[in-house]
Structures are given as C-alpha cells and as structure tokens.
Amino acid sequence: MEKLILILLLLSGFAGLAQQPAAFNITGKVADARTKLPLAGAGVSVISIAGNKILNSTLTDSSGVFSFSVAPGKYHIKIAFISYKTYILEHQQVDKYLNLGLILLQEDAKLLEAVNIVGEKSTVELNLDKKVFNVGKDLMSKGGTANDILNNVPSVNVDANGAISLRGNGSVRVLINGKPSMLTANNGLNQIPANTIEKVEVITNPSARYEAQGGAGIINIVLKKNSSSGLNGSIQAGIGTPTYYNGNINLSYKTQKVNLFANVSHFYRNIYAYEKNLQTTIRNGASTVLNQHNDQVRNDNAYSYYVGGDYYINEKNTLTGSFYHDLQKNNDTTSYQYRYYNGENVLDSIISRFEDYHEPQKYNQLELNYVKTFDNKDQKWTTSLRYDFWNDDENQDITQQKRFPSGNPVSHLSSRDIESSDDFYIQSDFVTAFSKSARFETGIRADLRAIRSDYSTLSNGILLENYTNKLYYDENIYAAYAQYANKFKRLSYLLGLRTELSDIGISDRKATLSKDKKYINLFPTLHLTYNLRENTDLQISYSRRIDRPRFYQLNTFSGLSDTRNLTVGNPDLNPAYSNSFELAFLKKWGHFNLNPSIYYSHNKNYFQNVLSQTAEGFFVSTPVNLGYEDRYGLEVSGTYNAFKWWRLSWDFNYYGFKQHGEFQGKQYGTSNKTWFTRISSRMNFPKSLAIEYAFNYQGKNADVQSTIAAQYRANIALSKDLFKDKLSVVLAVTNLFDSQVVKQQFITPDYQFESEYKGVGRLTRLTLTYRFNRDKTQKDRLPDEN
C-alpha cells in the first residue's frame, strides 16, 4: 500500500507540473484534396500582415496534423508542400484557440511534370544514438513474423531456437513501442505478423529514459498506427512451402472525436527440424560413444485479435483503451534414436524414444493510455497502465523402448507444466523544454510480475516426486529517472540518471527452495555529440546497465524431452552488471552515409551455461555466474543510393571478448575474436516492380566451453504493385541455399560432445495485400501503442 501511495503522489506531482498558463493555440490538419490522405511534412507558417515576416512555423506530423501557439493578433497563415499549390488563409484573427479544421491542398500539375521520383525513407537509417530499420520497404519479411524482421536488421541475429543477440551478445532487451511485453518472451515474437511492424530501432547505449535491463542494449519494435479519417483498412493473405499460411485483417474508423481500430490475424506453419549428437565419454582410459539422431515436426497455429479506440477529449487530451488476445497452439512430435557403442566401437544397444508435445498458450493484454499536450509543443505528459495475464500449458507424452537387444518392455513417461502470470505495468513521463535547445524529461515506472509454474510427472502411471512441484516467482521493479539535454555551440549533451529498486522472490510448494533478493541500483548515462561540420557528427556515450536472470534461467524444472541432455535453471543466479562505452562517427556525403563505431563493455557476474556430466553419463546444462567478461569491437554501417532506383546497405562487425570465472572449484576462461557481416541490395524498376537481396555471414565463435562453426544465410524477394497500388504481391525466399545449420562442439578431458541442429529450412512465401481507402505508405494499429 505504501508503494501504491508513493506512485500516486508522484503522479499528482506530475499533474502539478502540468498546470501551465493558457495560451492561444492554432491547430489543423493538411491532406491531399483528391485522396483525402494526410500530408506529413507540410510547412505551416504564421506571417505578419505588416512587413510580411514569418513569425512562427512548423511541419505537419505523420497524421498531417500541426499545432503551435502565437500571441494575440491578426495574421496570414501559409501552408506549402512540394508538388502542391500553396494555400494562404488571410487575415486570421487569433484571440482564442483557433482550429482551422481540414485543409485540402491541390496538386500542382506543372510541378508534378518535373517530379519523377517520389521520396521514401531508406530501409536503414543511420543515427548516432540508434539505427532505424524501416520495415515498410523490406520485401523479404512480407508475410513473415517479427523474428523474420529481426533477422534482416543490422547488428541483430535470431538463431534457430529464436534466441536474439545484438552484436553477438545475447544480453539484449527487446521492447515493443518502448515498453516491456510478454510477447517478447518465450519466443512470442513469432506471434507478431511482420506486416504490423513499422520499424525496428537498435539502441546500443540507451539513455536513462529506457529501463536499465539488457547489457548489450535495446531492440525497440515500433508497431504501425493508422491515422486516416473515415473507414479504411487492409487485408493480407499468404501461402508458402513447407506448409505455411497467414492472414490478417486490419480496420480503422476515425472521426474528429474517436478513432476505432481492430485487427484479426491467423498464422499456421510446419517446421521440419533435425538434430544430431555425438557424445564420447572417457573413463579409466576406456571410451564409450553415443550416436543420437532426432527428427522433429513442429506445428504452430496462432490466432489473435486486437480492438480498441482513441477518444480525443479535446485538442490537448487523448485517452486510449485497448484489449489484445492471442492464442497459440504448438503441437510437436519428435523421434529420438540412441545408438550406444562400447570401447571397441561395437554396437551395444539401441533405444528409441518418441515424444508427443502439446502446448496451448493464451496471452491477454488490457491497456489504458493518457496523453496530455500543452501550448508549448515541446511539452508533454503521458501515463500508461497495463495488465497482462497469460497461461501456458505444456504437455509431454513420451514412450521409450530398448530395441536392441530386443524383447524389452515399453516405458511411458508423461509430464505437465502449467505456467501462468499476472503482470501489472504503470509508467508516467513528463517532458518540457526550457529553451530552443534545453530539454528536461523525468518519469516513474513500476513493473509487478507474479509467475506460477505447477508441474507434475508420471512414470508408468506412478508419480515422480522429484519432478513434481510448484514454483512461485515474484518480481517487482520500481524505477525513476531524470535527464537533461542542451547544446553549447557545436556540442550537444544529454545527462541522465536512473534508479531501479528490485524486489525478487522465488520459492516452491514443498518449501525446499526460498530465495529473496532485494537491491537498489543507480544507472548513470552520458551522451556527448560534437558537430565537426555539416553532415558530420562525432558522439561519445556511456551507460551502466543490468541483466536480471530471466524466469527460465531460474526455473529448476526443465522438462524431460531428452533426459540425456537436460537444461536446468539455477535459482542462485545473481544479476550481472555492465559498463558500456562507445565512440561513434556519422558522415553523410550526398547519397552515401557511413557510421563507424568503436565499443567496449566490462560485464561483472555475467551468465554462462556450463555443461556437466552426471554419473549415468547424461549431460546437464546450467546457467551460472562467472567472474567477468570484457567485450570490444569495431562496427561499420553504411548505406549508398547508387542510383535513384538502386540502394545498397552494409553492416560489418568485428569483435572480441575475454571471459574468466570460477564455478565449483573449476576455473573457466577463454578469449576469442570473430566477425559477422550483412549486405543487402534493393532495386526499384518501372511499373512498381522491385527486387531485394540480402546475405548474412557469422564467423566461427567460441566461449568458455563450446565452439560454434561459421554460418551463412541468403534471402531474396520480388514485389509488384497493381491496381494503382491497392494490391501488392510479394514472392520471398528465406534461407535460399538451405544453409542455416548450427554446429557446436564441447571438448573436455573427460568427454566430448558434438551437435548439429537444423531448424527452419528454406521457406518460400507468396503474400498478397489489398488496401481500401488506404495507400501502401499508411499504417495499421496494433498492440502496445501510445
């Protein structure tokens, strides 16, 4: 109760800050007179009648809306946009709030004759503080999921198991519209259709505004938002091979007071995977060998819907409410075969194992957002409240028999793990400007999570007490931050400080486990940017960050799919801390942008999976805290618009690391250097035809115990727009050469473990998108938006 009172007091404090003297505001919206579509980036100016001087000016936002304040008086107001006739409103009296309503601009036929190319955002935008990947121009992800998008983003990699890394570092935080979401956990990104994503922001050294979780940085997925008036929408359908179907319907209806939106989607696919393991155990000078082969058929069948609305209370206050529901059914089957050989390499026995796995996942999200703007366009107050509740029911049914020598009975093993969670999230932010360059921002936040994992296991109908229990996990995080930005001549700076209080508890029903951890940390940030000359900037940045263990890393129950290769959580895992430094340079030469950067981070108590062998010869992988890890690297990103119809982008990262630590009296340490690169090309041809190609290469990598072989992947896509851009057809092939195979090796004095895993193979997709009352540059409305 005391924490709730504190939050309410802080919110009321923000409300006090929000009380500002009234001023006369001019607002309106600019749109195309023929299509009624909003015009973003149109210039709006207030001009004095005497002297014809520009007194104030602004640009319309992505919705075509503009807003600014002026002193009382009478003015001319001019609206101008490239290839449109200038529109002037003469002798406008401003003595109160003035809403100019909808302003329609007419195309200028003479100017249009000289305009051959319509400007569009680059697929990759390079900024000093982040890289922005614009999804709307990415052909290869059409009809795919968020994971397909991320695999095309520079510096980001998604492996065959859905694990995401940034610059080769898996300690990365994934957000949706700047907020945490359960959709980013448990490989939930596969449930987000690619066509609902507007852009992906890669932030390697975040400011204090962002949560401190994620030592490698933040990946922020920004979802689309519709802004057109009236009824409009889009319909998408796709088919692929191997078995792949997807469909999406997005509708929106907007008036001056409300904006209603709804989205319904379905996703279905089969994945055919295999895994090969070769284990050699050496004891007393003699060796035994296990040759294992697994074949898996994974089936994902997902449905979701999203409904909500914006209510425009007045020109300065907006209230948004929404509900999102997602149901994903995973039905997988896996065949295991174990072939054992003795020291003379003679076949000793063969064991067959078959698993039938069924997992329905239900995710629900209720959200309420409030946004208040002020006469000062640089001042804003936002508050978000959200409640997530989800349920995950994992069911395993396993049969096993020793096939050689023959005549052995069939054993049966079944397990069930019901995971559920209630998550509350509240955040309030206030931003204001003291001058043209001075900007102050502050905010508070609370994340309250309660996860329950109730699991039980039966062997031949008999309850296994060692694998039957209930785990309780509670995570409460409270945060506050403030940051100040200003500029002195050519030097811009951003100073920030964030504090986070963590209150985490983990226990079980049998009272065999009880861990409570409370700690408070300060996270300073610093960003200095120096403008060397026009289109040339240099930035130095620093941030301190934290990696809290995730629930699956703490959960001692791992499932029994393969008892010979278990992954078990560690409830004693402590948070890891990192200090990150980066020196970045951004240079623009006309059609060529170059962004090299040098980075270094020192990580304390970093997480590392350690592989050990049991007395039965089985392998167990467990995450532990090791001493320290130093990471350093050089990254170079570039874009080049070779011609109006051809754009190239390139990302290269060469990095190294040194790891050292001790666990259970054993020393672990290694150092390694590796690199990865991505090259992409997009060509636009006449009659709305486009082709895109991308190539990714990841060099050989090693940590304290394992070595992963080099990998590469190529994708290609072809797009065609028809019927005045109302219909788009995209043919895409991902993993063109079927080359995405993970080969890993563990070598110790007592055993050797070699594995080869192939998940998603080559996938060919055909996707059709039809839009009504909406052009292809417009956006849909999806969950987690402000």
Side-chain angles (χ1 to χ4, degrees), residues 123 135 138-154 156-165 187 189-195 197 236-247 266-276 293-302 330-335 676-683 690-699 708-720 728-744 755-769:
T123 303
V135 175
D138 176 42
L139 302 181
M140 286 173 290
S141 301
K142 297 288 187 182
T145 68
N147 278 345
D148 298 308
I149 293 286
L150 292 178
N151 254 330
N152 286 330
V153 174
V156 179
N157 182 65
V158 183
D159 69 15
N161 295 311
I164 300 169
S165 60
N187 204 20
L189 294 180
N190 261 335
Q191 303 173 40
I192 303 177
N195 70 298
I197 300 173
Q236 183 181 94
I239 188 172
T241 180
T243 307
Y244 190 102
Y245 305 99
N246 77 287
H266 176 228
F267 175 75
Y268 183 95
R269 72 171 177 179
N270 286 334
I271 296 175
Y272 302 92
Y274 75 80
E275 183 176 13
K276 299 177 182 178
H293 186 94
N294 309 333
D295 288 307
Q296 184 182 57
V297 179
R298 291 162 46 193
N299 175 260
D300 296 331
N301 190 6
N330 299 319
N331 295 287
D332 308 336
T333 60
T334 308
S335 298
F676 62 83
T677 188
R678 179 183 183 274
I679 302 171
S680 67
S681 167
R682 178 186 171 115
M683 298 180 180
I691 188 170
E692 191 170 282
Y693 178 80
F695 177 80
N696 295 265
Y697 180 85
Q698 170 67 62
I708 301 176
Q711 304 173 55
Y712 70 92
R713 182 182 69 255
N715 304 325
I716 191 169
L718 182 70
S719 172
K720 172 68 176 175
S728 297
V729 182
V730 177
L731 178 65
V733 183
T734 57
N735 196 13
L736 180 62
F737 303 112
D738 200 15
S739 57
Q740 198 165 355
V741 179
V742 181
K743 297 181 179 180
Q744 193 169 13
S755 68
E756 177 180 311
Y757 176 75
K758 179 180 178 182
V760 180
R762 182 189 298 110
L763 176 62
T764 303
R765 295 193 303 261
L766 178 67
T767 303
L768 284 76
T769 304

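With rounding to the nearest 0.5 angstrom, the CG atom of L731 is 9.0 Å from the CD1 atom of I716. Taking OG1 from T334 and CZ from R298, the interatomic distance works out to 9.5 Å, rounded to the nearest 0.5 Å. Separating the OG1 atom in T769 from the CD atom in Q236 is a distance of 4.0 Å, to the nearest 0.5 Å. Note: L718 CG to E692 CD = 11.0 Å, rounded to the nearest 0.5 Å. Separating the NZ atom in K276 from the OG atom in S755 is a distance of 12.0 Å, to the nearest 0.5 Å. T734 OG1 to L763 CG: the interatomic distance, rounded to the nearest 0.5 Å, is 4.5 Å.
In this structure, the side chains of Y274 and Y757 stay at 4.5 Å or more apart for every pair of heavy atoms. R762 is not listed as a side-chain neighbour of T241, based on a closest heavy-atom distance of 4.5 Å or more. Counting heavy atoms from C-beta on, the side chains of P242 and I271 never come closer than 4.5 Å. Side-chain contact between T243 and Y268 is present, with at least one heavy-atom pair separated by less than 4.5 Å.
Counting only distance, with no hydrogens or angles, the side chain of N331 and the backbone of D300 share no donor-acceptor pair below 3.5 Å.
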Practice task
Could you please spell out the steps behind the ring pair (Phe, Tyr, Trp, His ring centres under 6.0 Å) verdict for Y245 and F267?
Solution key: CA-CA 6 Å; Y245 305 99; F267 175 75; over 10 Å; no
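For S165, the side-chain contact (heavy atoms from CB on, under 4.5 Å) criterion is met by N157, not counting sequence neighbours. Partners of S719 by side chain to side chain donor-acceptor pair (under 3.5 Å), not counting sequence neighbours: none found. Judged as a side-chain contact (heavy atoms from CB on, under 4.5 Å), and not counting sequence neighbours, the contacts of A714 are Y693, F695, L736, F737. Not counting sequence neighbours, the partners of N735 by the side-chain contact (heavy atoms from CB on, under 4.5 Å) test are R713, D738, S739, Q740. Applying the side-chain contact (heavy atoms from CB on, under 4.5 Å) criterion to I708, with sequence neighbours excluded, gives Q711, V742, Q744. With sequence neighbours excluded, no residue satisfies side chain to side chain donor-acceptor pair (under 3.5 Å) with Y697. The side chain to side chain donor-acceptor pair (under 3.5 Å) test applied to T333 returns no partner, not counting sequence neighbours. Annotation: side chain to side chain donor-acceptor pair (under 3.5 Å) contacts of D295 (sequence neighbours excluded): H293.
Shown here for A273 and G759, the closest heavy-atom pair between the two residues is CB-CA, 3.9 Å. Considering every non-hydrogen atom in both G761 and K758, the closest pair reads CA-CE, 4.1 Å. Heavy-atom minimum distance, D332 versus N299: OD1-N, 3.1 Å.
Within 6.0 Å of NZ in K720 there are more than 12 heavy atoms belonging to other residues, nucleotides or ligands.
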